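Just so you know, these numbers come straight off a predicted model, no measurement behind them. Counting convention: from 1, in listed order, for ligands and their atoms alike.
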Amino acid sequence: MQKTDVIIIGAGPVGLFAVHQLGIKGLQAVVIDNLDKIGGQCIELYPDKPIYDIPAVPECTGEQLTTRLLEQIKPFKTKIFLNERVDEVRQEKENWVVKTNNKKEFSAPSIIIAGGVGSFEPRKISLKEAEKLEGKSVFYAVRNKDQFKNKRISIFGGGDSALDWALELSKFSKITLIHRRNEFRGAHHTLSEIRKLEKDGKLSIKTPCQIESLDNENQLKSITIKYDDGKTETILTDVILGFFGLIMKLGPIAEWGLNMSKKTIEVNSNNFETNKKGIFAAGDICSYPGKLKLILSGFHEVALASVECFKRARPNEKYRFEFTTSSKTIHNRLGKK
Ligand code: NAP
């Protein structure tokens with residue numbers, strides 16, 4: 001069991017800034033995230049898309065924002081646990097104890113839930129054979145593109161993920177892009193590059209059709225697709241990449257007895273505490289009158305929640321508000337002379 005001052009659930013921008021706000025108050029935190037990388041929605045959903053409403057940063061991508069936040073919290077040497085889904089929470093005297101799916105346990109007087117829209121899970125192909133081949137020839141994400149070199153790949157979906165990977169992997173593999181409609185919802189400029197490749201015979205596009213069957217359940221060799229008019233076609237395939245979008249799930253947090261409304265956690269806007277003392281929620285996952293789902297709102301929310309976390313972690317100390325410009329204590333904590 002690891003003891004700390006605050007357990008932060010979610011390694012998106014709001015969770016990362018919570019580390020900063022706690023750190024300058026002298027509090028230790030751990031961050032836990034279900035995803036395999038830091039950055040939350042802004043890395044998972046729109047890593048390259050510009051964000052224009054971070055104060056004093058006219059334009060940055062989700063990736064740049066995450067990098068800068070990590071730089072900002074570097075002095076606090078916070079441990080970030082990835083690929084860990086928080087499953088259970090229980091109270092032990094003054095502390096909350098959380099347990100992850102990998103049986104890791106953390107204990108702290110406060111929890112800040114900065115879980116965005118919940119955990120993301122890919123929508124999968126609903127064929128039994130696809131389930132058996134998952135991780136072998138059927139994938140819903142590209143973690144290491146070298147794995148997909150020199151293969152015959154059938155990519156499913158009409159969104160940005162399908163288009164981006166069709167374009168990228170076509171550099172070294174034979175790609176068939178398959179979508180249920182003739183229209184693609186992904187970026188037009190990517191689609192026009194893909195159309196150019198199709199014209200040059202370097203990639204095939206099949207629409208409007210869906211997967212009908214996988215033709216061998218032990219070692220994938222080909223798949224059969226069915227067009228809307230009922231015709232079928234067999235395509236030689238070593239690998240299937242399915243990009244059918246992500247399903248957002250609040251997951252086990254929904255079972256913790258917190259007051260919820262429309263899949264968000266109700267908080268008060270004085271300190272962003274939920275109906276359970278010591279459990280706070282901030283960012284897109286929380287709701288209160290007037291809530292705006294902006295990254296900057298999440299920053300404000302964790303700043304206020306961190307004050308209450310201080311009071312819970314240091315009940316015998318008086319909280320003193322200090323400016324980062326003038327506080328020697330904060331400068332020391334940030335490693336500044
Ligand atoms: P997405 O945009 O939700 O697209 C999912 C695609 O799968 C859609 O084309 C949808 O078809 C199709 N689909 C869904 N269920 C299906 C089913 N049961 N059978 C057949 N087809 C099905 O998902 P995504 O491409 O993974 O992107 C998720 C989010 O991340 C989006 O907001 C996207 O813009 C963002 N993203 C951005 C970038 C980037 O900025 N470069 C890269 C990747 C992802 P319909 O079109 O017919 O609904």
*Asks:* Nearest protein heavy atom to atom 47 (O) of ligand 1, by residue and atom, and its distance?
*Replies:*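 Sorting protein heavy atoms by distance from atom 47 (O) of ligand 1 puts Arg181 NE, 2.7 Å first.
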*Asks:* Assign the ring pair Phe17 / His20 to parallel, tilted or perpendicular, where the plane angle (0 to 90°) is split at 30° and 60°.
*Replies:*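 Parallel.
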*Asks:* Among all protein non-hydrogen atoms, which one is nearest to atom 10 (C) of ligand 1, and what is the separation to 0.1 Å?
*Replies:*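 Nearest neighbour among protein heavy atoms for atom 10 (C) of ligand 1, to 0.1 Å: Arg180 NH2, 3.8 Å.
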*Asks:* Can you confirm whether something in the protein, heavy atoms only, sits under 4.0 Å from atom 32 (O) of ligand 1?
*Replies:*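 False for atom 32 (O) of ligand 1.
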*Asks:* Could you say whether the N/O atoms of Gly157 and ligand 1 ever approach to under 3.5 Å?
*Replies:*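 No, since none of the N or O atoms of Gly157 sits under 3.5 Å from an N or O of ligand 1.
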*Asks:* Quick test: of every protein heavy atom, which one is nearest to atom 30 (O) of ligand 1, and how far off is it to 0.1 Å?
*Replies:*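 Residue, atom and distance for the closest contact: Leu45 O, 3.0 Å.
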*Asks:* Out of Gln210, Arg123, Lys124, who is nearest to atom 19 (N) of ligand 1 when you count heavy atoms only?
*Replies:*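 Selected option, by shortest heavy-atom distance: Gln210.
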*Asks:* Taking atom 28 (C) of ligand 1 as the reference point, report whether a protein heavy atom occurs under 4.0 Å from it.
*Replies:*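 Protein heavy atom within 4.0 Å of atom 28 (C) of ligand 1: absent.
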*Asks:* Determine whether more than 12 heavy atoms belonging to other residues, nucleotides or ligands lie under 6.0 Å from atom NZ of Lys37.
*Replies:*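 Atom NZ in Lys37 is crowded, with more than 12 foreign heavy atoms closer than 6.0 Å.
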*Asks:* Near Glu94 CD, under 6.0 Å, is it more than 12 heavy atoms from other residues, nucleotides or ligands?
*Replies:*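 It does not: Glu94 CD has 12 such atoms or fewer within range.
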*Asks:* Specify whether His179 and Phe184 have parallel, tilted or perpendicular ring planes, treating 30° as the upper limit for parallel and 60° as the lower limit for perpendicular.
*Replies:*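 His179 and Phe184: tilted rings.
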*Asks:* Can you say whether the rings of Phe156 and Phe244 are parallel (under 30°), tilted (30 to 60°) or perpendicular (over 60°)?
*Replies:*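 Because their plane-to-plane angle lies in the 30° to 60° range, the rings of Phe156 and Phe244 count as tilted.
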*Asks:* Taking 4.0 angstrom as the limit, do Arg320 and Glu322 come out as a salt bridge?
*Replies:*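 Here Arg320 pairs with Glu322 in a salt bridge, since their nearest N and O are under 4.0 Å apart.
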*Asks:* Counting heavy atoms only, which part of Leu246 comes closer than 4.0 Å to ligand 1: side chain, backbone, both or neither?
*Replies:*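 The answer is neither; Leu246 stays 4.0 Å or more away.
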*Asks:* For atom 9 (O) of ligand 1, what is the nearest protein heavy atom, given as residue, atom name and distance?
*Replies:*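 So the nearest neighbour among protein heavy atoms is Gly158 N, 2.9 Å.
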*Asks:* May I ask you to identify, for His179, whether its side chain, its backbone, both or neither come under 4.0 Å of ligand 1 on a heavy-atom basis?
*Replies:*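 Side chain only.
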*Asks:* Give the residue, atom name and distance (to 0.1 Å) of the protein heavy atom nearest atom 44 (C) of ligand 1.
*Replies:*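 Of every protein heavy atom, Ser161 OG, 3.5 Å lies nearest to atom 44 (C) of ligand 1.
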*Asks:* Nearest to atom 8 (C) of ligand 1, what protein heavy atom do you find, and at what distance?
*Replies:*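 The answer is Arg185 NE, 3.6 Å.
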*Asks:* Decide, yes or no, whether a salt bridge links Lys291 with Glu301 under the criterion of side-chain N to carboxylate O below 4.0 Å.
*Replies:*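 So Lys291 pairs with Glu301 through a salt bridge.
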*Asks:* Flag atom 35 (C) of ligand 1 as yes if some protein heavy-atom distance to it falls below 4.0 Å, otherwise no.
*Replies:*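 Protein heavy atoms within 4.0 Å of atom 35 (C) of ligand 1 - there is at least one.
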*Asks:* Considering the heavy atoms of Phe243, write down every atom of ligand 1 situated less than 4.0 Å from one of them.
*Replies:*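 Selected atoms, number and element: 5 (C), 6 (C), 7 (O).
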*Asks:* Do Glu92 and Arg90 sit within salt-bridge range, that is, some charged N less than 4.0 Å from a carboxylate O?
*Replies:*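 Salt bridge between Glu92 and Arg90, a charged N being under 4.0 Å from a carboxylate O: yes.
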*Asks:* Among Thr61, Asp164, Leu163, Asp160, whose heavy atom sits nearest atom 41 (N) of ligand 1?
*Replies:*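 Looking at heavy atoms only, the winner is Asp164.
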*Asks:* Check the hydrophobic clustering (I, L, V, M, F, W, Y; side-chain heavy atoms under 4.5 Å; chains of links allowed) and say if Ile178 and Phe148 are grouped together.
*Replies:*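 Unlinked, Ile178 and Phe148 end up in two clusters.
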*Asks:* For atom 3 (O) of ligand 1, grab the closest protein heavy atom and report residue, atom and distance to one decimal in Å.
*Replies:*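 Answer for atom 3 (O) of ligand 1: Gly245 CA, 3.7 Å.
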*Asks:* To which of Gly159, Gly62, Ala162 does the heavy atom nearest atom 4 (O) of ligand 1 belong?
*Replies:*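 It is Gly159 whose heavy atom sits nearest to atom 4 (O) of ligand 1.
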*Asks:* Counting heavy atoms not belonging to Gln91, are there more than 12 under 6.0 Å from its CD?
*Replies:*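 Above 12, so yes.
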*Asks:* With respect to Ser154, which candidate in Asp238, Thr176, Thr237 satisfies the side chain to side chain donor-acceptor pair (under 3.5 Å) definition?
*Replies:*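 Considering Asp238, Thr176, Thr237, a side chain to side chain donor-acceptor pair (under 3.5 Å) with Ser154 is found only for Thr237.
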*Asks:* Could you identify the single nearest non-hydrogen protein atom to atom 21 (N) of ligand 1 and state the distance to 0.1 Å?
*Replies:*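 Here the closest protein heavy atom is Phe244 CD2, 3.3 Å.
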